[in-house]
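Have a look at the structure below before the remarks.
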Amino acid sequence: MESLKDNVMTVSSDEFENNIMADAEEFSLAIQQQDNGTHKEWNEVSKLPADYIRREDMKIKDVAMKHVLPFLPGKSLMKFRAVSNEWNHWIDCPLLAYQQNTSFKKLSGYFHQIVDVDIQSDPNFLSLDHSANGVPNPSLGFLPEGIKILSSSSGLLLCQGLESYYVCNPLTEDWKCIPPHQYYHGSDPAFILAFDPEGNIESYFHLVAVVPLLDQPVVFFEIYSSQSNSWRRSSSECLELEDTSLVGGGLYMKGMGYWSTTSNGVLAFDVKNEVAAVLRVPIPPGRYGALSQVNDELSYITVYNDCGDVFMLDIYRGMDMSLNRSVCVNLGHKKSRQALEKDLFIDNGNVLCNVLPCINSGDDIVVIWTTERIYLYYLSGQKVETIMTPGQLNPKRRFIPYTNSLAAIHELKN
């Protein structure tokens, strides 16, 4: 069964309901105008789009409620429900959930857990801003069983139970159980959750599983659609993954699913057109990285400790995944040489480190995980921000990037 955390104050207001209906009509009209490629008419007095002006005596609180709240993370919105009954009703409205999910796209933090054959820890959440980004139950205890997180997309998580898959919103604690699939996906399947909020008021999503053929260097794709509530096998296959396997969870952005491989390649899959390809990353042997979004484009980023506090970032981009730029970063590790020599996670005097997968809008963040801390490096401003690590560097600890969102989950058909 579904579970929805609901602490909404039940206060009715005819005036508020009328405003909500008017907003819905205006929002629908704006969406149609955008789809038709038409331009908004401008009010000569206010210099604002005409569809933003609903009444001449609009107050600051009304402007904030209608045009600022959609750009805030979900946790902040939950706090603002206590401002007034009107704000509470508006934040609980599905229209605001849609607006917020299409407007707020920044990285909020990471769900992380140790994934091993012998042991699987409960998930936890590492917030980049505890006051603004967070979830009420980081272990996802509202789900009916212990789970492994496989993928994230625009505020929704895909989780694997013992025999079932679940899609949930960890902020609202809403969830759905996915019907059984046809093919064997393995104990640690390669998945992406494909959820595009823009123009998707019904909140439809897809799940894409990479299914290897036993004893053959071939993979095919099994796809689930929430619109039809069913699985099917794609006609697309990939024959280019000989002597390699997929690494960790996949990444979804701009209609494409991506998975890293053990041979430093990237498996790419166009979800709409169902076309697969392998992108080769020309990095030195023995070095591994992570998929990230930089300048609104897919990138593969590696990091290594050059000496002392200095770390080198190599960023590979483009269809040929060629080396786009190298960045020298001083993280201010501030650890003495004597301490480095005693550290179990030091290799020949160098600090072991890794890059975490990252999806963000406009910030161009590279997330670096070392033996002691997690660092956010902003490429545009060359600024370093430090947050504490959730535990020692462990290759079996999986990090799933997450955006704090009010995203609704479509009601699945029986």
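Scope of the values below: all heavy atoms of this structure, side chains included, with no hydrogens, waters or symmetry mates. Positions are given from 1, in the same order as the sequence printed here.
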>> What verdict does the side-chain contact (heavy atoms from CB on, under 4.5 Å) test give for R233 and Q182, after you've listed the backbone C-alpha separation in whole Å, the side-chain angles of each residue and the deciding distance to 0.1 Å?
In response: CA-CA 9 Å; R233 175 174 174 172; Q182 180 178 358; 5.9 Å; no
> When you look at V208 and W259, which way does the side-chain contact (heavy atoms from CB on, under 4.5 Å) test go after all the steps?
Replying inline: CA-CA 11 Å; V208 180; W259 296 265; 4.1 Å; yes
>> side-chain contact (heavy atoms from CB on, under 4.5 Å), that's the test. Do F195 and V167 meet it? Break it down for me.
In response: CA-CA 11 Å; F195 175 47; V167 171; over 6 Å; no
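Counting only heavy atoms from C-beta outward, the side chains of I149 and R398 never approach each other to under 4.5 Å. When side chains are defined from C-beta on, F205 does not count as touching N200, because their heavy atoms never get closer than 4.5 Å. Looking at heavy atoms from C-beta onward, S292 lies out of side-chain contact with V366 at the 4.5 angstrom threshold. Residues F111 and V135 are in side-chain contact: their nearest non-hydrogen atoms beyond the backbone lie under 4.5 Å apart. A 4.5 Å side-chain heavy-atom check between L193 and L157 finds every atom pair outside the cut-off. Side-chain contact between L77 and F104: absent, with no pair of heavy atoms (C-beta onward) separated by less than 4.5 Å. Between Y252 and S151 the shortest side-chain heavy-atom distance does not fall below 4.5 Å. Counting heavy atoms from C-beta outward, H181 and Y224 have side chains that stay 4.5 Å or more apart.
For N264 against P284, the heavy-atom pair with the smallest separation is ND2-O, 4.2 Å. Nearest heavy atom pair, residue V115 against residue K148, reads CG1-CE, 3.7 Å. The minimum heavy-atom distance between E274 and S234, with the atom names listed, is OE1-OG, 2.8 Å. Of all heavy-atom pairs spanning I91 and F80, the tightest one is CD1-C, 3.7 Å. Nearest heavy-atom pair across C353 and I368 is CB-CG2, 4.5 Å. Listed here is the closest heavy atom pair of S154 and A407: O-CB, 3.7 Å.
Taking the six-membered ring where the residue is Trp, F125 and Y402 present perpendicular rings, their angle passing 60° and hence far from 30°. Taking the six-membered ring where tryptophan is involved, the planes of F399 and W369 are perpendicular, since the angle between them exceeds 60° and thus also 30°. Ring planes of W231 and Y165: tilted class, angle from 30 to 60°.
A donor and an acceptor atom, one from each side chain of S127 and N133, are nowhere located under 3.5 Å apart. A donor atom on one side chain and an acceptor atom on the other are found under 3.5 Å apart for T261 and S263. With 3.5 Å as the limit, one finds no donor-acceptor pair spanning the side chains of N354 and Y288.
Judged by distance alone, with hydrogens and angles left aside, the side-chain atoms of T403 form no donor-acceptor pair with the main-chain N or O of S405 at under 3.5 Å. Without hydrogens or angle criteria, E237 side chain to V218 main chain gives no donor-acceptor distance under 3.5 Å. Remark: the backbone N or O of D122 is not paired with any side-chain donor or acceptor of S139 at under 3.5 angstrom. Side-chain atoms of E145 come within 3.5 Å of backbone atoms of L162 as a donor-acceptor pair (strictly under, hydrogens ignored). At least one donor-acceptor pair closer than 3.5 Å links the side chain of K254 to the backbone N or O of D296.
You'll find the ring centres of Y183 and F220 inside the 6.0 Å limit.
Look at K75 and D129 and you find no salt bridge, because none of the NZ, NE, NH1 or NH2 atoms lies under 4.0 Å from a carboxylate O.
In E163, the CD atom is not crowded: 12 or fewer heavy atoms of neighbouring residues, nucleotides or ligands sit closer than 6.0 Å. For K396, the NZ atom is loosely surrounded, since the number of other residues' heavy atoms within 6.0 Å does not exceed 12. At most 12 heavy atoms of other shown residues, nucleotides or ligands fall within 6.0 angstrom of atom CD in Q382.
C159 pairs in a side chain to side chain contact (heavy atoms under 4.5 Å, CB included) with only one of the listed residues (P170, C168, S152), which is C168. When I315, I365, N295 are each tested for a side chain to side chain contact (heavy atoms under 4.5 Å, CB included) with L379, only one passes: I315. With respect to Y377, the side chain to side chain contact (heavy atoms under 4.5 Å, CB included) criterion is satisfied by exactly one of V367, V355, V327, D364: V327.
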